[in-house]
Protein chains: 2
Amino acid sequence: MIGLIFAAGILALVYSMYLIFHIARQPSGNQKMIDIAGAVRTGATAYLYRQYKTLLPIVVIAALIIGFALKSSIIGFAFAFGAFLSALAGYVGMQISVRTNVKVAEKAKKGLKQGLSLAFKGGAVTGFSVVAFGLLGVSIMYYFFQDPSLIVGFGFGASLICLFMRVGGGIYTKAADVGADLVGKVEKGIPEDDPRNPAVIADQVGDNVGDCAGMAADVFESYVVTLIAAMLLGLSIGPKGVFFPLMIGAVAVIGSLIGAFFVKLGKDNNIWKALNRGILVTALFSAIFFFFISKYYLNDLKYFFAALTGLGVTVLIGMITEYYTARDRKPVKEVAEASKTGAGTNIITGMAVGLQSTILPVLVIALAILLSFKFAGVYGIGLAALGMLSVTGIILAVDAFGPITDNAGGIAEMAGLPKNVRRVTDALDAVGNTTKAVTKGFAIGSAALAALSLFVAFSEAAHLQLADLSLLKPGVVIGLFIGAALPFLFSSFLMKAVGRAAFQIVEEVRRQFRTIKGLMQGKAQPDYKKCVDITTRAALREFIIPGILAISAPILVGFILGPAALGGLLAGSIVTGLLMALFLANSGAAWDNAKKYIEDGKFGGKGSDAHKAAVIGDTVGDPCKDTAGPSLNPLIKVLNMIALLFASLFIYTII
Amino acid sequence: MIGLIFAAGILALVYSMYLIFHIARQPSGNQKMIDIAGAVRTGATAYLYRQYKTLLPIVVIAALIIGFALKSSIIGFAFAFGAFLSALAGYVGMQISVRTNVKVAEKAKKGLKQGLSLAFKGGAVTGFSVVAFGLLGVSIMYYFFQDPSLIVGFGFGASLICLFMRVGGGIYTKAADVGADLVGKVEKGIPEDDPRNPAVIADQVGDNVGDCAGMAADVFESYVVTLIAAMLLGLSIGPKGVFFPLMIGAVAVIGSLIGAFFVKLGKDNNIWKALNRGILVTALFSAIFFFFISKYYLNDLKYFFAALTGLGVTVLIGMITEYYTARDRKPVKEVAEASKTGAGTNIITGMAVGLQSTILPVLVIALAILLSFKFAGVYGIGLAALGMLSVTGIILAVDAFGPITDNAGGIAEMAGLPKNVRRVTDALDAVGNTTKAVTKGFAIGSAALAALSLFVAFSEAAHLQLADLSLLKPGVVIGLFIGAALPFLFSSFLMKAVGRAAFQIVEEVRRQFRTIKGLMQGKAQPDYKKCVDITTRAALREFIIPGILAISAPILVGFILGPAALGGLLAGSIVTGLLMALFLANSGAAWDNAKKYIEDGKFGGKGSDAHKAAVIGDTVGDPCKDTAGPSLNPLIKVLNMIALLFASLFIYTII
């Protein structure tokens with residue numbers, strides 16, 4: 001049986017390899033393009049190496065502590081293995097992106113269809129290799145050790161690395177972006193991606209380390225952690241319940257492979273439709289497969305319905321996110337219209353949109369909890385989370401498409417390619433914004449369901465009874481308050497970190513414009529490396545304190561206030577983590593697209609007062625949607641993984 | 001015994017009367033001042049009358065529904081009585097404010113000491129009459145009916161009116177403020193409070209209907225609801241436990257009266273110190289009184305310690321709020337400094353400050369829950385909430401001081417009084433900003449503790465056991481998610497409402513500048529009434545939907561999902577209500593004071609680019625801190641009161 005799981009994982013890996021060789025054969029364009037892409041690749045790789053070098057001692061020490069504290073060298077090793085695979089997922093996601101972008105720019109010369117096809121193939125490498133790593137990693141652990149508590153160590157390794165990569169990458173990408181814009185666009189009046197801007201390469205590097213490496217590690221972690229949670233909850237119905245989640249993962253890989261073949265540009269040239277078709281076909285085939293394995297392996301269709309609930313959440317949250325953040329929908333138009341009376345009203349309206357956008361996803365998730373529990377108890381909730389994440393391969397492929405096309409556009413601009421090339425990359429990039437927002441909604445929703453499954457698993461590991469976790473227990477309420485405050489505090493740290501790092505970039509870019517003669521006239525080269533270097537150091541410095549907060553909070557509360565209070569903390573963090581992530585991601589996307597809506601010529605177009613107001617809104621939205629918001633997903637999962645892993649150590653209860 | 005409670009209430013009432021007569025005897029200045037003050041008074045009174053006229057049918061219908069649903073005409077009557085007293089508290093608070101402001105402007109001619117003394121006396125009328133209404137209202141209900149469930153009806157009446165007054169007043173004040181500023185300051189470049197601005201009277205009216213009437217109703221409601229919750233929880237230790245909360249209220253009135261006499265300007269001319277001394281003396285004397293009644297009435301000092309915990313929360317939250325929002329502290333300075341790089345960084349930093357400002361109050365409240373429960377069980381939590389609110393008289397006096405001095409400054413400006421008068425009112429007004437922020441922190445913290453007591457009382461009324469409210473029950477988790485999302489949704493409605501209403505004011509002000517010849521040159525009078533009228537109608541229209549949301553959400557969840565899910569909803573709303581209220585109030589205050597810090601001459605002073613950026617931040621902060629933030633307190637209490645009142649009706653449980 002396990003052989004079939006391995007086979008599915010290997011199939012995904014083989015498909016990724018095939019795509020990698022296919023992409024490698026495509027032309028990279030002229031020397032200038034190759035040089036620019038090379039600079040981005042060097043910067044991104046350098047950042048990742050330094051990040052991993054910083055993380056290596058942390059992982060080793062953490063593995064030792066875990067091994068000693070839990071008296072199991074195997075758990076320590078599992079942790080290190082999970083951390084390694086998470087880092088590898090990020091590495092692959094980024095390497096393929098920095099190699100494909102320039103080839104997409106070159107391909108764009110031939111037209112939209114060819115550009116889309118290649119960019120999606122690049123994204124698919126990330127999507128399928130991440131799923132392969134996750135499925136193979138968990139099934140190898142299962143094959144060798146069978147003991148779920150060892151697999152939890154593996155998941156925690158993935159979570160911890162993912163948290164650092166999300167936080168570091170998020171700070172990097174937005175510090176570079178804001179820093180480049182503040183001097184380039186605002187002070188000097190030069191366009192985005194202008195080669196004269198010293199921070200332009202750092203900005204491109206940021207897209208890759210944040211959106212590619214960070215997102216790949218994030219989704220890898222979600223996938224792994226959800227698999228593990230579902231397996232743990234499956235214990236209640238016996239060994240078949242533990243194995244079933246792996247089967248869901250395996251058949252969904254097949255579904256995703258089928259879906260990937262349906263991503264082709266139709267005659268209407270609608271890119272989003274082409275991508276969305278891939279997702280829907282995947283969901284359809286996965287649902288059919290779920291039906292059969294549920295009927296013939298577990299002999300009960302209730303598990304099929306539970307998993308189906310998760311697929312439904314994926315589809316619904318995608319639609320809701322699209323409504324609140326897409327350029328041609330009412331919310332974004334309202335934000336754009338509010339820009340007419342200035343930046344103040346633009347920001348108030350954007351905040352209101354973000355706040356409002358939380359309610360429907362919350363209701364969808366509440367309904368999913370209700371239904372999946374009605375179908376199959378707490379195991380049902382785990383299966384719903386897994387059902388949602390089963391389509392990770394195709395979703396991540398569609399998401400990784402975004403930064404590739406974004407970079408392709410940047411390279412086209414910097415290399416001075418003809419207007420029609422830029423037009424193709426712009427069209428691809430515009431869809432990239434929607435796919436980014438939709439995937440974020442997916443990542444947030446699945447994180448909440450996954451964390452909820454972990455929370456239940458924690459309560460079982462800590463032997464907490466129903467009454468122990470009652471909201472009438474003051475300890476639980478205290479934990480709830482503290483846990484709910486953590487996402488607020490965490491976001492605050494990250495937003496300040498972006499501000500500080502961006503400030504350093506601003507100073508450096510100003511210095512270069514001041515001291516390098518002929519830079520503004522395009523006669524001299526800026527020192528790109530220096531900006532890359534400053535951002536790298538700033539990002540690696542700033543991720544320490546939030547990281548310590550995430551690790552220490554559950555351990556302190558667990559030891560001082562006891563396991564029930566820790567349970568309260570987990571629940572509180574999941575609830576506000578979900579709400580704040582939705583608020584930050586969706587208001588950020590609404591501000592961004594309101595700006596783009598105006599740039600399309602509405603309300604006075606580029607350069608109008610409304611546009612200036614919208615640019616300020618977009619600046620505010622940047623750290624919200626790309627740094628603080630996305631980091632909340634790994635945060636709530638790290639909190640839950642720590643609690644689950646160390647559940648046996650928390651024994652004293654204060655109240 | 002009950003006679004002593006009445007005596008304390010009547011004493012507070014008599015003191016308020018004495019102050020009213022004293023204030024009435026003070027001179028109101030020249031005819032121009034009288035005219036301006038008259039216009040403000042007329043506008044404010046007209047708004048309040050129309051608001052009450054709108055609310056009257058709602059109250060009558062609600063009283064009938066409650067009477068029929070609970071089969072008790074007495075509860076229906078109690079509800080109406082509570083609603084009436086809440087409205088009366090708002091009315092008194094506003095009437096005294098609109099009468100004192102012009103006299104303070106006149107008094108300011110004689111100097112700071114006289115101005116401070118009179119303004120504080122005006123505030124004290126509000127503070128002491130609100131406490132008198134609360135204490136007398138609850139003790140009359142107790143005297144006649146003794147049955148706690150009837151008193152709950154009284155509390156719900158207070159809550160509901162308070163919610164509408166907070167929401168309506170909040171929308172009014174900020175719509176007028178933002179509308180006046182956007183055209184006056186930004187487009188026309190005329191100063192604040194300039195008599196040529198057609199919205200200037202509406203702006204002044206807004207201060208009174210929002211900050212005076214709204215705040216008075218809010219604090220009245222907190223006081224009443226907390227008294228009732230503590231009495232309900234006191235049932236567990238017998239009749240003395242029910243009566244003890246009234247005693248705490250009574251002796252704290254004496255403490256507040258003593259404290260009020262200590263509000264006198266010292267030789268250092270430090271206004272905040274004079275006000276703060278009054279609060280600290282009150283806290284000290286109240287603590288001493290609590291000691292004696294706890295020792296000699298309940299014969300156990302543990303109740304004293306529980307109440308003392310609440311007093312400690314009042315003092316600590318005051319200090320924390322002061323740190324995050326005062327002009328000379330690091331957070332505000334950081335926001336001011338971030339204005340140098342534009343509005344984007346100003347807003348990001350302000351958001352970060354607001355998000356960060358949540359953690360310490362949460363820890364203080366968590367500690368208070370822990371301690372008060374350790375001392376005296378759930379009754380201890382009720383007593384802590386009451387201990388916190390016992391000093392309401394003096395706190396509200398200090399708070400109501402703010403809008404009086406703010407208006408006095410506006411009148412001085414519009415009437416063209418000499419510079420030295422404006423200097424005195426400015427000095428008083430500057431402190432008004434700090435007192436406003438500190439009282440807001442107090443109102444938020446006490447609302448959380450009060451709501452928590454109500455939540456416990458609800459669980460008893462609904463006969464929910466420990467295990468019923470377990471976080472492992474999917475129904476509870478679903479409720480938690482939905483409840484946590486309510487403050488987000490509610491805030492979003494209010495922020496959008498301000499935007500819409502402000503937009504109407506902007507259009508009207510622009511129209512008047514365009515069509516009234518000689519207005520800009522000061523040769524013609526603007527049509528103040530028209531702006532007042534538009535704002536009034538907008539505020540009354542916009543408070544309907546949020547009101548329906550607050551009333552229907554708990555009823556729907558209670559009937560469809562059952563009482564346990566409703567319990568989850570209440571807990572979720574308390575947690576995020578607290579966090580969002582702190583975030584919105586403190587970031588708003590930080591933006592406001594960062595602007596003022598720059599206006600003091602830092603980073604280029606008035607008119608610099610940094611100042612322009614800070615003005616945008618202040619505009620964003622306005623609806624956050626004065627509309628959405630303050631409305632969350634009554635929201636969470638209305639949700640809890642409805643659940644408590646109708647607890648017996650929710651019987652079906654879905655999951």
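Residue numbers start from 1 in every chain, and the chains themselves are labelled A, B, ... in the order their sequence lines are given, proteins ahead of strands. Note: hydrogens, waters and symmetry copies are ignored here, and every other heavy atom, side chains too, is used.
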Note to self: Under 4.5 Å from any heavy atom of chain A, what part of B:V378 do you find: side chain, backbone, both or neither?
What the structure shows: neither

Notebook entry, point to check: Do the side chains of B:I347 and B:W591 get nearer than 4.5 Å, heavy atoms only?
Noted result: yes

Next item on the list: With a 4.5 angstrom heavy-atom cut-off, could you sort out which part of A:L570 is near chain B: side chain, backbone, both or neither?
Entry: neither

Item checked: Region of B:L182 that comes under 4.5 Å of a non-hydrogen atom in chain A -> side chain

Notebook entry, point to check: Checking heavy atoms, do the side chain of B:F503, its backbone, both or neither come under 4.5 Å from chain A?
Noted result: side chain

Note to self: Using heavy-atom distances under 4.5 Å, tell me whether B:V178 contacts chain A through its side chain, its backbone, both, or neither.
What the structure shows: neither

Notebook entry, point to check: Got a donor-acceptor contact below 3.5 angstrom from the A:S492 side chain to the A:F488 backbone?
Noted result: no

Checklist line | Among A:I369, A:L452, A:L370, the one residue meeting side chain to side chain contact (heavy atoms under 4.5 Å, CB included) with B:P474 | finding: A:I369

Next item on the list: Report yes if some heavy atom in the side chain of B:I616 is under 4.5 Å from a heavy atom in the side chain of B:N346; otherwise report no.
Entry: no

Check: Where does A:T341 contact chain B at under 4.5 Å (heavy atoms): side chain, backbone, both or neither?
Finding: both

Notebook entry, point to check: What part of A:E334 is in contact with chain B, defined as an atom under 4.5 angstrom from a non-hydrogen atom: side chain, backbone, both or neither?
Noted result: side chain

Checklist line | Under 4.5 Å from a heavy atom of chain B, the part of A:V615 involved | finding: neither

Margin query: Quick check on side chain to side chain donor-acceptor pair (under 3.5 Å): which of A:D626, A:T627, A:T619 does A:K174 satisfy it with?
Written below: A:D626

Item checked: Contacting moiety of A:F583, where chain B heavy atoms sit under 4.5 Å -> side chain

Next item on the list: Check whether any side-chain heavy atom of A:L233 sits under 4.5 Å from a side-chain heavy atom of A:E460, and report yes or no.
Entry: yes

Notebook entry, point to check: Of the backbone (N, CA, C, O) and the side chain (C-beta and beyond), which part of A:V498 lies under 4.5 Å from a heavy atom of chain B, both, or neither?
Noted result: neither

Item checked: Segment of B:L363 engaging chain A (4.5 angstrom heavy-atom cut-off) -> side chain

